[in-house]
Engineer: 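Just passing along the structure, written as structure tokens.
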Amino acid sequence: MEHNHRPGKVHVGMRNVKTAFSATLVAFLYLLIDRNPTFACIGAIFGTGKDIPHSWLNGGNRLFGTIIGGFLGMGLFRIYIIFYPEGGLHLLMMPLVFVGVILLILASQIFKWPGAIHPGGVMLCILLFNLPVDTYVSYSLNRILDTGIGVVVALAVNLLLPRERIQRVLQILSGGRYKPEEHPMPESEK
């Protein structure tokens, strides 16, 4: 029996379930330690791919982008508060953003991780425009840690729950009624 999955067809596949499971697992772990899971969940969602190499690429983009954007943002924000110790939005922020984005792109190219540019830019802008002057370092380091934890959880879920293992479990739980060949992998998950 051949299934043709049309592009844009709505379905819940193994990757959807693993993504949801990774984010939920991270949120649960963070609940146990009474810590905000936002960035860890984002890391888990970015880090869940169709397989380990895809997860590493997407999770790595998020993690390395957060690291690069975080350290650049800390450095540039430090320069900023030398001139404006109270923070706030001033004209000096404009050249700092410009230089920060250029440095972010260059660093991503140097480390051969161009996919880090977008998440790094998000981190850079959050640091430059949304933080009180007294928490920018701890905030940056915490976001890097949280993102790393989320990505690691997503990689672990993908490693421990490959499609074939999930299909075997479904077959056992259904008493043999679940037939993997009747549920082919959509093109988007290949």
Side-chain angles (χ1 to χ4, degrees), residues 15 18-20 22-27 29-31 33-158 188:
R15 183 169 160 194
K18 288 193 291 185
T19 303
S22 295
T24 304
L25 179 59
V26 166
L29 294 172
Y30 271 59
L31 176 71
I33 60 172
D34 194 30
R35 185 175 169 101
N36 186 320
T38 303
F39 279 82
C41 287
I42 293 168
I45 292 167
F46 269 81
T48 305
K50 62 185 176 183
D51 53 26
I52 292 297
H54 193 250
S55 291
W56 176 245
L57 176 65
N58 289 332
N61 286 344
R62 179 68 188 184
L63 179 58
F64 290 123
T66 301
I67 291 169
I68 294 167
F71 282 107
L72 279 173
M74 282 191 284
L76 292 169
F77 197 74
R78 178 69 188 124
I79 292 168
Y80 181 72
I81 61 174
I82 289 170
F83 297 99
Y84 297 100
E86 75 286 352
L89 185 60
H90 299 279
L91 196 55
L92 175 60
M93 193 62 75
M94 303 317 119
L96 292 176
V97 170
F98 183 86
V99 167
V101 171
I102 296 294
L103 291 174
L104 171 69
I105 293 168
L106 292 173
S108 297
Q109 290 172 344
I110 288 168
F111 291 112
K112 297 188 183 339
W113 213 288
I117 295 168
H118 294 109
V122 169
M123 184 68 172
L124 179 67
C125 290
I126 288 171
L127 286 171
L128 291 178
F129 295 119
N130 287 319
L131 293 178
V133 295
D134 57 340
T135 61
Y136 74 98
V137 172
S138 63
Y139 179 88
S140 302
L141 296 175
N142 279 306
R143 295 308 65 87
I144 291 167
L145 174 68
D146 293 340
T147 300
I149 289 170
V151 169
V152 166
V153 167
L155 286 166
V157 165
N158 233 358
S188 63

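Below, all heavy atoms of this structure are taken into account, side chains as well, without hydrogens, waters or symmetry copies.
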Engineer: Can you tell me if T19 uses its side chain to pair, donor with acceptor, with the backbone of I45 under 3.5 Å?
Structural biologist: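 Not a single qualifying donor-acceptor pair exists.
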Engineer: Test side-chain contact (heavy atoms from CB on, under 4.5 Å) on L104 and H118; report intermediate values, then the result.
Structural biologist: CA-CA 9 Å; L104 171 69; H118 294 109; over 6 Å; no
Engineer: Roughly how far apart are T147 OG1 and F46 CZ, rounded to 0.5 Å?
Structural biologist: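 CZ of F46 is found 9.5 Å from OG1 of T147.
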Engineer: Minimum heavy-atom separation for V26 to A44, with atom names?
Structural biologist: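 Heavy atoms of V26 and A44 come nearest at CG2-CB, 4.0 Å.
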Engineer: Which atoms form the tightest heavy-atom contact between L72 and G100, and what is the distance?
Structural biologist: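 Distance-wise, the nearest heavy atoms are CD1-O, 3.9 Å.
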Engineer: How about N61 and N58: do any of their side-chain heavy atoms sit closer than 4.5 Å?
Structural biologist: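 Heavy-atom side-chain distance check passes, below 4.5 Å.
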Engineer: Could you check whether any side-chain heavy atom of V101 comes within less than 4.5 Å of a side-chain heavy atom of L124, counting everything from C-beta outward?
Structural biologist: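 Result yes, sub-4.5 Å side-chain heavy-atom pair found.
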Engineer: Check the pair I149, R35 against side-chain contact (heavy atoms from CB on, under 4.5 Å), reporting the backbone distance first and the verdict last.
Structural biologist: CA-CA 13 Å; I149 289 170; R35 185 175 169 101; over 6 Å; no
Engineer: Working to the nearest 0.5 angstrom, can you tell me the gap between Y80 OH and L96 CG?
Structural biologist: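 With rounding to 0.5 Å, OH (Y80) is 8.5 Å from CG (L96).
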Engineer: Taking all heavy atoms of Y136 and all of M74, pick out the closest pair and write down the distance.
Structural biologist: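 Smallest interatomic distance, heavy atoms only, reads CE1-O, 3.4 Å.
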Engineer: Between the main-chain N or O of G49 and the side-chain N or O of N158, is there a donor-acceptor pair closer than 3.5 Å?
Structural biologist: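 Pair found, side chain donor or acceptor close to backbone of G49.
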Engineer: Are more than 12 heavy atoms from other residues, nucleotides or ligands located less than 6.0 Å from atom NE2 of H90?
Structural biologist: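 Correct, the count exceeds 12.
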Engineer: Quick one, Y84 with V133, criterion side-chain contact (heavy atoms from CB on, under 4.5 Å). Give me CA distance, side-chain angles, the key distance, then yes/no.
Structural biologist: CA-CA 9 Å; Y84 297 100; V133 295; over 6 Å; no
Engineer: Would you say that L89 contacts M94 through its side chain, given a criterion of any heavy-atom pair below 4.5 Å between the two side chains?
Structural biologist: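 Yes - at least one pair of side-chain heavy atoms lies under 4.5 Å apart.
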Engineer: Working note: W113 + I68, criterion side-chain contact (heavy atoms from CB on, under 4.5 Å); need CA distance, chi angles, decisive distance, verdict.
Structural biologist: CA-CA 11 Å; W113 213 288; I68 294 167; 5.9 Å; no
Engineer: Work out which heavy atom in S22 is nearest to a heavy atom in A154; give both atom names and the distance.
Structural biologist: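 Distance-wise, the nearest heavy atoms are OG-CA, 3.7 Å.
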Engineer: Among N142, L141, D134, which residue satisfies the side chain to side chain contact (heavy atoms under 4.5 Å, CB included) criterion with S138?
Structural biologist: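 That would be N142; it is the only one of N142, L141, D134 passing the side chain to side chain contact (heavy atoms under 4.5 Å, CB included) with S138.
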Engineer: What are the two closest heavy atoms between F71 and I144, and how far apart are they?
Structural biologist: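 Reported closest heavy-atom pair: CE1-CD1, 3.8 Å.
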Engineer: Nearest 0.5 Å, what's the CZ-OH distance between F39 and Y30?
Structural biologist: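 Here the rounded value is 11.0 Å.
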Engineer: Of all heavy-atom pairs between S140 and G70, which one has the smallest distance, and what is that distance?
Structural biologist: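 Taking every non-hydrogen atom into account, OG-O, 4.0 Å.
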Engineer: Nearest 0.5 Å, what's the CG-OG1 distance between L127 and T135?
Structural biologist: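 So the CG of L127 and the OG1 of T135 are separated by 9.5 Å.
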Engineer: Going from CG on L57 to NZ on K50, what distance comes out if it is rounded to the nearest 0.5 angstrom?
Structural biologist: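 It is 10.0 Å, given to the nearest 0.5 Å.
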Engineer: What's the separation between atom CG in L76 and atom CG in L103, rounded to the nearest 0.5 Å?
Structural biologist: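 L76 atom CG to L103 atom CG measures 7.0 Å (nearest 0.5 Å).
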